[in-house]
Amino acid sequence: MEIGAIYGGNRLRESAIEEGVQMGITMTGNEMISVISTVEVMQFMTHNSLHLYKKKGSSGPFSRVVAYSKTVHEDPHRKGIVFVSPSKAALMDGKGYIVTSYETLHEKYQRLSHWTPNTYRGGTYYEFKNRIIKGHERENLKQINVISIDIDTKEVDLYALYLGCEELGLPRPNLLLETPRGFQGFFVLDTPFYIHKNQDYKALRVAERLSDNVRKALSKYVPVDTSCVPFGFYRIPREDNTLDFYDHPASTSRLIEWSRQYEEQEKRAFLRVVYNKDDSAFDQTSSDWYRALICATDIQKGHHGASRNNALLTMAIANYASGKSIEEAYDELDQFNSNLEHPLSKHEFERTLRSAYSGKYKGAKRSYVEGLLDLWTDGQVQFSGREGWYKFKKPREERIRSHYEEREEDIIAYLEAHTSPETAFLEGSLNTLAESFGMAVSTLKEVLKRSKKIIKRSIGQGRAAVTKVACRSMLLKRLLRLRKNQIEQAQLSCVELMPELNTTIRTLPMPTLETELVLHEVDLLYRSGISPPSRAG
């Protein structure tokens, strides 16, 4: 296999399969193995932005080196370099090497610990004798090839990373490495960010914002280091630290669009978070509409949504949302009620005030305020402020019925306590499962129908029906466990990478959720009396 190949789609896997067949390696069905070298992974990550052969002292066939040199000379795109370091201690001292070719990477990667997966324009040394490298500044970046995440702890469930990507709308990480203290993940961009000084480093700024947003979003699922340098040194991939590799690069344009939408969502969330009910800027009792209503004296009963009860409730909620005590609200609104031409009775007044302070409402509702203003004021005042009058959900212990979301949480909690990555599914009839979960069968059916976090598979009818349920997170744990077992059991195989350079690794495709579900469906079909398939796929 020529390492200068350009990978796209399944080409990397197809070429490996073809060479495997030539070598007598049998790969069928779910046992199919992709034979991919470490250098090919690095070439995939860096978008062929390094030279294939060393400029001097190459061990490749002379004819190939000459032919390649001609193609590089004709290529309008200039090749770059990456920085590497033999150890974390050396890197901390600023020591390393400048690498310009994949041939050099192949020769040295086993003795290296760190590299820069993003390509630089060039580099040099402060001290050549001591190999103190110079040039790995952000302004010297040639292109940004990957978005990276760093997890500085082993106390983490890796399934949460994949689950988080799925829930956030992010692509699956292309590479997952295990480090001495944690893990590192990489999203390989299908189109790199090309950095140009004459564009005031605009692409660099966009890439940095994208990196910040990805790390911030995923930090809610796994302990991602959000303060690390986004385009610096990372662990170099090797046979002994590669946990997962996926050869479909992430769409750069879709990631940029995702980043834009994420920032909009965060901006809205930030505005909600910074709201301080004690701040006079948000004091609803100081607003013009509140003062206009409290001065109105002819508000009467019988007007739907705009009666004296509604006016009192609206102003009482404004007091509650503004942080006023119920005693303060009582004193002010009792004066308002007394000034009405037809005031409420003391009992009705106190009942309405208690309702406003029950915690069911967050703030005055715009539509009610505007209706009151139109009917009982001169129309000169408009509503201004936050829309906030809606009922809070009562505590569960105070309700007869539970919400479906709470029932879903009950099921997930039960499944997490009674299943494991080895036995991810809980099996039984719907009646048995409903009894185990402590709910009616009809409720269980509705929860399973609505839920996106619970997987359900069933076969048969009536009493003979068998149903399996699993929480999606546990199933993803199972898939990662299978992946880990595959890596531990895989043996190294040899594929020609370059002339006289034959060290390669096997990379196994991570099992998919769909494949795992199919296996369980086949199991259910077999047990229900249907003949098993003639051969396993």
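Applying the salt bridge (charged side-chain N to carboxylate O under 4.0 Å, His left out) test to K216 and every residue at least two apart in sequence or in another chain returns E266.
With salt bridges taken as basic N to acidic carboxylate O contacts below 4.0 Å, none links E263 and R260. Salt-bridge formation is detected for the pair R472/E166: a Lys NZ or Arg NE/NH1/NH2 atom is positioned less than 4.0 Å from an Asp or Glu carboxylate oxygen.
Residues V41 and F186 fail the side-chain proximity criterion, which asks for heavy atoms closer than 4.5 Å. The closest side-chain heavy-atom distance from L161 to F183 is not below 4.5 Å. In this structure, the side chains of V222 and I149 stay at 4.5 Å or more apart for every pair of heavy atoms. Inter-residue side-chain proximity for L177 and Y234 is flagged as unmet; no heavy-atom pair is nearer than 4.5 Å. For the pair D152 and P223, the minimum side-chain heavy-atom distance is 4.5 Å or more. Between L426 and F437, some side-chain heavy-atom pair lies under the 4.5 Å cut-off. Proximity of L175 to V188: side-chain heavy atoms (C-beta onward) are nowhere separated by under 4.5 Å. With contacts defined as side-chain heavy-atom distances shorter than 4.5 Å, the pair L189/I147 qualifies.
For the pair Y221 (side chain) and Y162 (backbone), a donor-acceptor distance under 3.5 Å is absent. In this structure, the side chain of T191 does not engage the main chain of T252 through any donor-acceptor pair within 3.5 Å. In terms of modelled atom types and a separation under 3.5 Å, the side chain of N145 and the main chain of P192 share no donor-acceptor contact. A distance-only check finds no donor-acceptor pair linking the side chain of D150 to the backbone of Q184 [under 3.5 Å]. No side-chain donor-acceptor contact under 3.5 Å links R254 to the backbone of P171. A donor-acceptor pair under 3.5 Å links the side-chain atoms of S322 to the main chain of A318, judged by distance alone. A side-chain donor-acceptor contact under 3.5 Å links N174 to the backbone of H248. Between the side chain of N337 and the main chain of L333, no donor-acceptor pair closer than 3.5 Å is present. Under a 3.5 Å cut-off, the side chain of S436 and the backbone N or O of T432 do form a donor-acceptor pair. W258 places a side-chain N or O within donor-acceptor distance of the main-chain N or O of L168, the cut-off being under 3.5 Å.
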Exercise. Show your working on side-chain contact (heavy atoms from CB on, under 4.5 Å) between R308 and L312 and close with a plain yes or no.
Key: CA-CA 6 Å; R308 56 188 181 177; L312 177 63; over 6 Å; no

Quiz item: Would T443 and V447 satisfy side-chain contact (heavy atoms from CB on, under 4.5 Å), going step by step from the backbone distance to the final call?
Solution: CA-CA 6 Å; T443 302; V447 173; 4.2 Å; yes

Practice problem: Test V214 against V224 for side-chain contact (heavy atoms from CB on, under 4.5 Å), laying out the working first. | Solution: CA-CA 10 Å; V214 168; V224 174; over 6 Å; no

Practice problem: Apply side-chain contact (heavy atoms from CB on, under 4.5 Å) to the pair R205 and F193, showing each step before the final yes or no. | Solution: CA-CA 10 Å; R205 296 197 304 273; F193 288 96; over 6 Å; no

Exercise. Would you check, one step at a time, whether the test salt bridge (Lys or Arg N to Asp or Glu O under 4.0 Å) holds for E178 with K154?
Key: CA-CA 9 Å; E178 184 175 11; K154 291 290 184 71; 3.3 Å; yes

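Remark: L372 CG to W289 CH2 distance equals 9.0 Å, nearest 0.5 Å. A distance of 13.0 Å separates OH in Y357 from OH in Y330, rounded to the nearest 0.5 Å. Note: T285 OG1 to I294 CD1 = 8.5 Å, rounded to the nearest 0.5 Å. Rounding to the nearest 0.5 Å places CG of L293 at 6.0 Å from CD1 of I299. Rounding to the nearest 0.5 Å gives a distance of 13.0 Å between SG of C471 and CD of E409. Atom CE of M45 is separated from atom CD of E40 by 14.0 Å, given to the nearest 0.5 angstrom.
Between F336 and A311, the closest heavy-atom pair is CZ-CB, 4.4 Å. Smallest separation of non-hydrogen atoms from L415 and A470: CD1-C, 3.8 Å. For the pair P173 and Y246, the tightest heavy-atom approach, listed with the atom from each and the gap, is O-CB, 4.0 Å. Of all non-hydrogen atoms in L340 and A296, the two that sit nearest each other are CD2-O, 3.8 Å. The minimum heavy-atom distance between G428 and L433, with the atom names listed, is O-CD1, 3.9 Å. Nearest heavy-atom pair, D190 versus S251, reported as atom, atom and distance to 0.1 Å: OD2-CA, 3.5 Å.
Residues N319 and Y290 have side chains that bring a donor and an acceptor to within less than 3.5 angstrom of each other. A donor-acceptor pair shorter than 3.5 Å can be found between the side chains of E257 and Q261. If you check the side chains of T423 and S420, you find a donor sitting under 3.5 Å from an acceptor. For the residue pair S345/E348, the side-chain donor-acceptor check at 3.5 Å is not satisfied.
No more than 12 heavy atoms of other residues, nucleotides or ligands lie within 6.0 Å of NZ in K445, so this atom counts as exposed by the packing criterion. The 12-atom threshold is not exceeded at CD of E155, counting heavy atoms of other residues, nucleotides or ligands nearer than 6.0 Å.
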